[in-house]
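What follows is a set of notes on a single structure, which appears directly below.
Note that the structure is predicted; figures quoted are calculated from it, not measured.
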Amino acid sequence: MRTLGLGYFSASPVLAVARARGLFARAGLRIEAEPVTSSPAQFRSLRDGDYHLVLTSPDNVAAYRFGTANALGGQLDTRIIRAVDGGLGLSLLGAAGVHGVDDLRGGVIGVDVSDSGFAFALYELLASNGLRRGTDYEIVELGSTPRRAEALRAGRCDATLLNGGLVLAAQRDGLVNLGRISDVVRPYLGTVLAATGRWLDTDRAIARRFCDVWQQAVTALLAAEHEIAPLLADVFHLSIEEIPAIRTLLNDPAEGLVPDGAVVPAALDNVLHLRARYGRQEATAEGLVDPC
């Protein structure tokens with residue numbers, strides 16, 4: 001049995017299905033998955049070998065592969081091995097009392113980190129509504145998506161980007177969805193599986209075995225009916241009554257799970273264009289994708 005470490009931001013329904021159906025065990029794999037506090041912590045653990053794989057934003061992969069102004073202070077040979085989703089309804093949610101984007105003028109917006117990941121998509125959404133970065137609002141770094149959801153409810157920011165079940169839960173509790181990233185960036189690549197080139201070059205067969213299991217789980221998840229509802233409710237912390245909305249999102253051709261794991265060039269290009277527009281260092285697609 002081979003043990004692999006995996007760091008993620010939000011719990012993955014694909015990972016949950018693979019575990020529930022014993023797919024990893026049958027492939028001789030044991031997955032030790034844990035939530036990360038932030039992208040710098042995630043990539044530090046990836047560099048140090050604590051993680052073999054990460055579920056992360058494709059822009060984070062670009063930031064550490066090409067940039068030198070990242071939290072590690074240097075480049076790390078990271079590669080995307082599989083597209084996971086198109087954002088899962090990635091949306092800007094306002095805190096209690098925020099009813100429109102203009103209410104954010106002069107406010108505080110929460111991000112994981114200010115110069116990578118979903119932050120660039122956030123700046124684009126706000127710019128499309130006439131709010132300029134560095135002028136019309138303040139950015140505060142709050143870490144991973146679940147942590148930002150907590151901060152939003154606690155009033156530590158006026159708005160932040162959420163996705164998946166966190167969006168549904170926020171709306172159920174009366175918070176206002178101020179706009180979806182897919183409204184301003186389409187196609188978009190929300191989450192990818194990534195690994196270091198060092199690990200892929202030495203353990204390609206193990207990486208392929210992992211990806212084979214992941215594909216089986218994605219196929220099973222997209223085809224599953226009512227029997228999977230309790231599992232999804234547990235993963236997304238939602239009621240059974242809210243699961244149809246999650247299933248619709250998972251199956252959405254633009255924002256849902258990527259059925260075959262292929263990275264659509266236009267979606268990746270859009271992510272890199274946002275980095276060129278709002279980041280301190282540009283990146284290219286060259287060498288960024290290394291399918292297993």
Quiz item: Between Leu161 and Val111, does a side-chain contact (heavy atoms from CB on, under 4.5 Å) hold up when you go through it step by step?
Solution: CA-CA 7 Å; Leu161 284 180; Val111 298; over 6 Å; no
I'd like to know if the side chain of [X] and the backbone of [Y] have a donor-acceptor N/O pair within less than 3.5 Å.
X	Y	value
Asp260	Ala262	yes
Glu255	Gly87	no
Arg19	Phe24	no
Asn251	Arg247	yes
Ser182	Arg180	no
Arg65	Thr284	no
Asp252	Thr248	no
Thr78	Val61	yes
Arg132	Ala127	no
Asp112	Ser39	yes

Exercise. Scan side-chain atoms only and decide if Gln215 and Thr219 contain a donor-acceptor pair under the 3.5 Å cut-off.
Key: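 A pair is found: one side chain offers a donor N or O, the other an acceptor, under 3.5 Å apart.
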If you look at every heavy atom in [X] and [Y], which pair is closest and at what distance?
X	Y	result
Pro13	Leu221	CB-CD2, 3.8 Å
Gly117	Asp59	N-OD2, 2.7 Å
Leu268	Ala285	CD2-CB, 4.1 Å
Phe118	Ser57	CE2-CB, 4.2 Å
Leu53	Ala195	CD2-CB, 4.2 Å
Val176	His99	CG1-O, 3.9 Å

Roughly how far, to the nearest 0.5 Å, is [atom2] of [Y] from [atom1] of [X]?
X	Y	atom1	atom2	result
His52	Asp203	NE2	CG	7.0 Å
Arg2	Phe210	CZ	CZ	13.0 Å
Tyr64	Arg44	OH	CZ	7.0 Å
Glu124	Asn270	CD	CG	9.5 Å
Ser12	Leu6	OG	CG	8.0 Å
Leu93	Thr160	CG	OG1	8.5 Å

Is there a continuous path of hydrophobic side-chain contacts, each under 4.5 Å between heavy atoms, that joins [X] to [Y]?
X	Y	value
Val192	Val271	yes
Leu46	Leu4	no
Leu76	Val36	yes
Leu175	Leu90	no
Ile139	Leu142	no

Do [X] and [Y] touch side chain to side chain, with heavy atoms closer than 4.5 Å?
X	Y	result
Asn129	Leu178	no
Trp214	Leu15	yes
Phe9	Pro35	no
Val263	Leu288	no
Arg133	Leu126	no
Asp77	Arg198	no

Quiz item: Does the distance from a Lys or Arg side-chain N to an Asp or Glu carboxylate O, for Asp212 and Arg209, drop under 4.0 Å?
Solution: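 Looking at Arg209 together with Asp212, the answer is no, because their closest N to O distance does not fall below 4.0 Å.
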Practice problem: Walk me through it: do Leu29 and Ile206 pass the test side-chain contact (heavy atoms from CB on, under 4.5 Å)? | Solution: CA-CA 9 Å; Leu29 299 174; Ile206 297 297; 4.2 Å; yes
Exercise. Determine the sole option in Asp85, Thr56, Asn163 for which the side chain to side chain donor-acceptor pair (under 3.5 Å) test with Thr191 is passed.
Key: Asp85
Practice problem: Determine, step by step, whether Leu152 and Cys157 satisfy the side-chain contact (heavy atoms from CB on, under 4.5 Å) criterion, reporting the C-alpha distance in whole Å, the side-chain angles of both residues, the deciding distance to 0.1 Å, and the verdict. | Solution: CA-CA 5 Å; Leu152 186 69; Cys157 63; 3.9 Å; yes
Quiz prompt | Phe120 and Tyr278 aromatic ring geometry - parallel, tilted or perpendicular at 30°/60° bounds | solution =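 Rings of Tyr278 and Phe120: parallel, as their planes differ by under 30°.
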Exercise. Begin with the C-alpha distance, continue with both residues' side-chain angles, and end with the deciding distance and a verdict on side-chain contact (heavy atoms from CB on, under 4.5 Å) for Val213 and Ile31.
Key: CA-CA 11 Å; Val213 171; Ile31 307 302; over 6 Å; no
Practice problem: Count the heavy atoms of every other residue, nucleotide or ligand shown that sit under 6.0 Å from CD of Glu286, and state whether that count exceeds 12. | Solution: no
Quiz item: Taking the six-membered ring for Trp, is the centroid-to-centroid distance between Tyr51 and Phe43 below 6.0 Å?
Solution: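 Here the rings of Phe43 and Tyr51 have centres that are no less than 6.0 Å from each other.
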